[in-house]
Amino acid sequence: MLQATLKRDTKTMEEILQFAHDTETPLLDYNNETELTAIVNLVYLAARDTYYVERENKAGQGYVDFIFYPEHQENDGFILELKVDDTPETAIQQIKNRNYILKFQGKMAEKKRHAGRILLVGIGYDKKKKDHHCKIESLQL
């Protein structure tokens with residue numbers, strides 16, 4: 001999942017999410033938002049080898065679902081927002097509107113946490129259709 005994200009391969013990301021959701025989630029909890037968050041956490045588990053991952057952390061003017069800080073400055077950092085019964089575009093707009101990008105700029109008197117490119121990753125899940133949609137935009141700090 002990490003490689004697909006860094007390559008901005010949203011089709012592969014959607015396939016990975018669908019497979020993990022279908023094989024790892026109990027049927028009675030399939031549309032539960034907590035389970036969806038657990039699936040996202042599962043598919044990005046290997047990312048923890050090269051990224052420091054924060055979940056549900058205060059950022060800008062809200063709480064961001066996931067932030068991936070790269071251990072190496074040459075790697076892209078990314079912010080991931082999950083939306084149930086909404087679009088990945090809405091998720092990305094929330095990242096922008098609530099200024100979650102501030103997490104990469106550090107606090108006052110701190111050095112920046114990352115100076116490179118930041119990917120904004122939006123994941124939308126449709127409960128009725130039971131499908132996932134992904135979108136990625138990039139920003140340069």
Side-chain angles (χ1 to χ4, degrees), residues 1-26 28-141:
M1 188 67 163
L2 176 62
Q3 293 307 314
T5 302
L6 296 176
K7 291 178 183 176
R8 300 173 67 167
D9 181 356
T10 55
K11 183 179 184 310
T12 298
M13 290 171 64
E14 292 166 357
E15 290 169 357
I16 291 169
L17 282 166
Q18 192 69 50
F19 181 78
H21 199 172
D22 288 348
T23 59
E24 297 294 329
T25 302
L28 294 176
D29 293 326
Y30 196 84
N31 282 336
N32 182 306
E33 190 166 351
T34 303
E35 281 293 321
L36 292 170
T37 301
I39 291 301
V40 170
N41 200 38
L42 175 66
V43 298
Y44 282 104
L45 193 58
R48 293 175 185 270
D49 292 341
T50 54
Y51 284 80
Y52 172 70
V53 181
E54 289 183 352
R55 288 185 55 203
E56 294 296 331
N57 201 343
K58 168 79 174 85
Q61 298 150 0
Y63 290 88
V64 63
D65 288 336
F66 292 88
I67 295 184
F68 293 75
Y69 298 103
E71 289 184 8
H72 306 287
Q73 286 294 316
E74 64 273 7
N75 294 341
D76 294 335
F78 60 101
I79 299 171
L80 186 148
E81 187 66 30
L82 175 66
K83 288 293 186 192
V84 176
D85 283 336
D86 215 330
T87 66
E89 291 82 6
T90 300
I92 288 176
Q93 196 58 51
Q94 179 175 322
I95 292 169
K96 293 175 181 177
N97 289 349
R98 295 190 180 170
N99 210 10
Y100 294 162
I101 199 74
L102 286 175
K103 289 297 281 186
F104 281 99
Q105 296 174 334
K107 295 180 181 177
M108 291 179 69
E110 278 184 351
K111 68 176 191 164
K112 281 187 177 184
R113 291 187 181 195
H114 183 67
R117 188 170 67 166
I118 306 299
L119 301 178
L120 311 182
V121 179
I123 298 176
Y125 173 71
D126 185 314
K127 285 183 179 180
K128 287 183 183 175
K129 295 180 182 176
K130 296 187 175 175
D131 61 4
H132 307 81
H133 298 283
C134 302
K135 182 174 177 155
I136 299 174
E137 291 183 15
S138 62
L139 292 174
Q140 186 69 36
L141 287 182

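All residue numbers in this chain count up from 1 along the given sequence.
A donor-acceptor contact shorter than 3.5 Å is absent between the side chain of N75 and the backbone of P70. The backbone N or O of K130 lies less than 3.5 Å from a partner atom in the side chain of Q18, making a donor-acceptor pair.
The only option from I136, L119, T5 that meets the side-chain contact (heavy atoms from CB on, under 4.5 Å) definition with D76 turns out to be L119. Of the candidates D85, D86, T87, V84, D126 forms a side-chain contact (heavy atoms from CB on, under 4.5 Å) with just one, namely D85.
Considering only heavy atoms from C-beta on, L139 stays 4.5 Å or farther from R117 through its side chain. Put simply, the side chain of R48 reaches to within 4.5 Å of the side chain of N41, judged on heavy atoms. Between L36 and T25, the closest side-chain pair of non-hydrogen atoms is not below 4.5 Å.
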* To do: Please report the C-alpha distance between C134 and L17 in whole Å, then the side-chain angles of each, then the deciding distance to 0.1 Å, and finally whether the side chain to side chain contact (heavy atoms under 4.5 Å, CB included) criterion is met.
  => CA-CA 10 Å; C134 302; L17 282 166; 3.7 Å; yes
* To do: Start with the C-alpha distance between K103 and E54, add both sets of side-chain angles, then the distance that settles side chain to side chain contact (heavy atoms under 4.5 Å, CB included), and finish with yes or no.
  => CA-CA 10 Å; K103 289 297 281 186; E54 289 183 352; 3.6 Å; yes
* To do: Start with the C-alpha gap between F68 and I79, add the side-chain angles, then the distance that decides, and say whether side chain to side chain contact (heavy atoms under 4.5 Å, CB included) holds.
  => CA-CA 6 Å; F68 293 75; I79 299 171; over 6 Å; no
* Asked: Run the side chain to side chain contact (heavy atoms under 4.5 Å, CB included) check on M13 and R8 step by step: do they pass?
  -> CA-CA 9 Å; M13 290 171 64; R8 300 173 67 167; over 6 Å; no
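Less than 6.0 angstrom separates the ring centroid of F78 from the ring centroid of Y44. Under the 6.0 Å cut-off for aromatic ring centres, Y125 and H133 do not qualify, their centroids lying 6.0 Å or more apart. Proximity of the aromatic rings of F104 and Y69 is defined here by a centroid distance below 6.0 angstrom, and this criterion is met.
Separating the OG1 atom in T90 from the CD atom in E81 is a distance of 10.5 Å, to the nearest 0.5 Å. Summarising the geometry, atom CG belonging to L42 is positioned 12.5 Å from atom OG1 belonging to T37; distances are rounded to the nearest 0.5 Å. Atoms CD and CG, on E137 and L120 in that order, are 6.0 Å from each other to the nearest 0.5 Å. Between M1 atom CE and D9 atom CG the span is 10.0 Å, to the nearest 0.5 Å. Interatomic distance, L80 CG to I123 CD1, rounded to the nearest 0.5 Å: 4.0 Å. With values rounded to the nearest 0.5 angstrom, Y100 atom OH is found 9.0 Å from Q61 atom CD.
Shortest non-hydrogen contact noted between P88 and G122 is CB-O, 3.2 Å.
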